[in-house]
Q: 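A single structure is presented below for examination.
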Amino acid sequence: IREISPTELKDRVDGGDPPLLVDVREAFERHIADLPYPGQLRIPVGQIPSRGLELDPDSEIVMYCRSGPRSAWATERLLEMGFKRVLNLRGGILGWRAEVDPTMPSY
């Protein structure tokens, strides 16, 4: 699967070229740490097979979770469903913390 680094994602969003962000974590995790961008979709990883069709298959989508494996799985499912422009955020929230915002809580 293709990935995007946290730094690349920040540059894209800050530059006015944001992909659709899809958070596949559970609700309680978002209260601990979250990306600072409004408009994200929240679809827990277990719901991707049933709710993936809510997404536009022509949109560029970046999936993310805490550290990357859940969103990688979700990315693979969307690719299997025919989506072409899906990326996994490398390292997830923890990668964002390491590369972009060290003040973000870790969990």
Side-chain angles (χ1 to χ4, degrees):
I1 64 173
R2 292 179 39 222
E3 293 190 313
I4 187 170
S5 76
T7 303
E8 291 169 323
L9 178 59
K10 181 177 184 340
D11 290 346
R12 290 271 313 274
V13 173
D14 291 351
D17 184 26
L20 173 64
L21 298 174
V22 179
D23 182 355
V24 301
R25 298 174 302 151
E26 298 300 320
F28 77 91
E29 294 177 276
R30 292 190 287 275
H31 297 292
I32 300 169
D34 203 5
L35 294 182
Y37 300 114
Q40 302 172 49
L41 291 180
R42 315 293 188 167
I43 305 175
V45 70
Q47 296 177 18
I48 289 295
S50 63
R51 292 186 57 199
L53 294 177
E54 294 176 20
L55 303 171
D56 179 355
D58 295 325
S59 292
E60 184 175 35
I61 301 169
V62 172
M63 311 294 283
Y64 76 93
C65 64
R66 177 183 176 265
S67 59
R70 286 180 287 173
S71 54
W73 183 89
T75 298
E76 290 174 351
R77 299 298 75 76
L78 289 181
L79 291 169
E80 290 170 356
M81 294 168 71
F83 288 73
K84 304 283 189 238
R85 302 174 63 208
V86 186
L87 302 168
N88 185 46
L89 178 60
R90 186 173 55 238
I93 288 286
L94 295 180
W96 184 271
R97 183 180 188 271
E99 285 187 32
V100 176
D101 182 5
T103 66
M104 178 178 279
S106 179
Y107 70 103

Q: For the residue pair Trp73 and Pro49, what are the closest heavy atoms and their distance?
A: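 Heavy atoms only, the tightest pair is CH2-CG, 3.9 Å.
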Q: So among Leu9, Ile4, Val24, Leu35, which one has a side-chain contact (heavy atoms from CB on, under 4.5 Å) with Tyr64?
A: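 By the side-chain contact (heavy atoms from CB on, under 4.5 Å) criterion, Tyr64 pairs with just one of Leu9, Ile4, Val24, Leu35: Leu35.
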Q: Could you name each residue pair satisfying salt bridge (Lys or Arg N to Asp or Glu O under 4.0 Å) that touches residues 30-50, not counting sequence neighbours?
A: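 Only Asp23-Arg42, Arg25-Asp34, Asp34-Arg42 qualify under salt bridge (Lys or Arg N to Asp or Glu O under 4.0 Å).
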Q: Quick check: closest heavy atoms across Gly52 and Leu78, and the distance to 0.1 Å?
A: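 That would be CA-CD2, 4.0 Å.
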Q: As a test of understanding, state which of Glu29, Glu26, Glu76 forms a salt bridge (charged side-chain N to carboxylate O under 4.0 Å, His left out) with Arg70.
A: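 So the option named by the test is Glu29.
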Q: Of the non-hydrogen atoms in Pro19 and Val13, which two are nearest, and what is the gap between them?
A: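 Nearest pair, atom of Pro19 first, then Val13: CD-CG2, 4.4 Å.
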Q: Could you list the residues that satisfy salt bridge (Lys or Arg N to Asp or Glu O under 4.0 Å) with Arg66, not counting sequence neighbours?
A: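 Arg66 satisfies salt bridge (Lys or Arg N to Asp or Glu O under 4.0 Å) with no other residue.
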Q: Quick check: closest heavy atoms across Ile48 and Met81, and the distance to 0.1 Å?
A: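 Taking Ile48 first and Met81 second, the nearest heavy atoms are O-SD, 4.4 Å.
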Q: Got a sec, which residues hit salt bridge (Lys or Arg N to Asp or Glu O under 4.0 Å) with Asp14, two or more places apart in sequence or on another chain?
A: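 With sequence neighbours excluded, Asp14 shows a salt bridge (Lys or Arg N to Asp or Glu O under 4.0 Å) to Lys10, given in chain and number order.
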Q: Same hydrophobic cluster for Leu87 and Val22, using side-chain heavy-atom links shorter than 4.5 Å among ILVMFWY?
A: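 Different clusters: Leu87 never reaches Val22 through Ile, Leu, Val, Met, Phe, Trp or Tyr contacts under 4.5 Å.
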Q: Starting from Leu89, can I reach Leu20 by hopping between I/L/V/M/F/W/Y residues whose side chains sit under 4.5 Å apart?
A: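 No.
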Q: Quick one: are Met63 and Val86 in side-chain contact, heavy atoms under 4.5 Å?
A: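 Result yes, sub-4.5 Å side-chain heavy-atom pair found.
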Q: Can you check whether Pro44's main-chain N or O pairs, donor with acceptor, with Gln47's side chain at less than 3.5 Å?
A: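 Side chain of Gln47 to backbone of Pro44, a donor-acceptor pair under 3.5 Å: no, none is there.
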Q: May I ask whether Met104 and Leu21 are part of the same hydrophobic cluster, defined by side-chain heavy atoms of I, L, V, M, F, W, Y residues being less than 4.5 angstrom apart, directly or through others?
A: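 Linked, Met104 and Leu21 end up in one cluster.
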Q: With sequence neighbours left out, what residues match Thr7 under side chain to side chain donor-acceptor pair (under 3.5 Å)?
A: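 Scan of Thr7 (side chain to side chain donor-acceptor pair (under 3.5 Å), adjacent residues dropped) gives Glu99.
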Q: Just grab all the salt bridge (Lys or Arg N to Asp or Glu O under 4.0 Å) pairs involving residues 47-57, residues at least two apart or on different chains.
A: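 As it turns out, the salt bridge (Lys or Arg N to Asp or Glu O under 4.0 Å) pairs with a partner in residues 47-57, which skip direct neighbours, are Arg51-Glu54.
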Q: Return the set of residues passing ring pair (Phe, Tyr, Trp, His ring centres under 6.0 Å) with Tyr37 (not counting sequence neighbours), or none when no residue passes.
A: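 Testing Tyr37 for ring pair (Phe, Tyr, Trp, His ring centres under 6.0 Å), a comparison that skips the adjacent residues, returns Trp96.
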Q: Say whether Ile1 and Val62 are linked into one hydrophobic cluster, either directly or through other cluster members, by side-chain heavy-atom distances under 4.5 angstrom.
A: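 As far as the 4.5 Å side-chain criterion goes, Val62 and Ile1 are not connected within one cluster.
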Q: Might you point out which heavy atoms bring Cys65 and Gly68 nearest each other, and give the distance in Å?
A: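 So the two residues come closest at SG-N, 3.1 Å.
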Q: So that I can tick it off, tell me whether Glu60 and Arg12 are bridged by a salt bridge, with the cut-off set at under 4.0 angstrom between side-chain N and carboxylate O.
A: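 Salt bridge: yes.
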Q: How far apart are the closest heavy atoms of Leu94 and Ser67, and which atoms are they?
A: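 Taking every non-hydrogen atom into account, CD1-CB, 4.1 Å.
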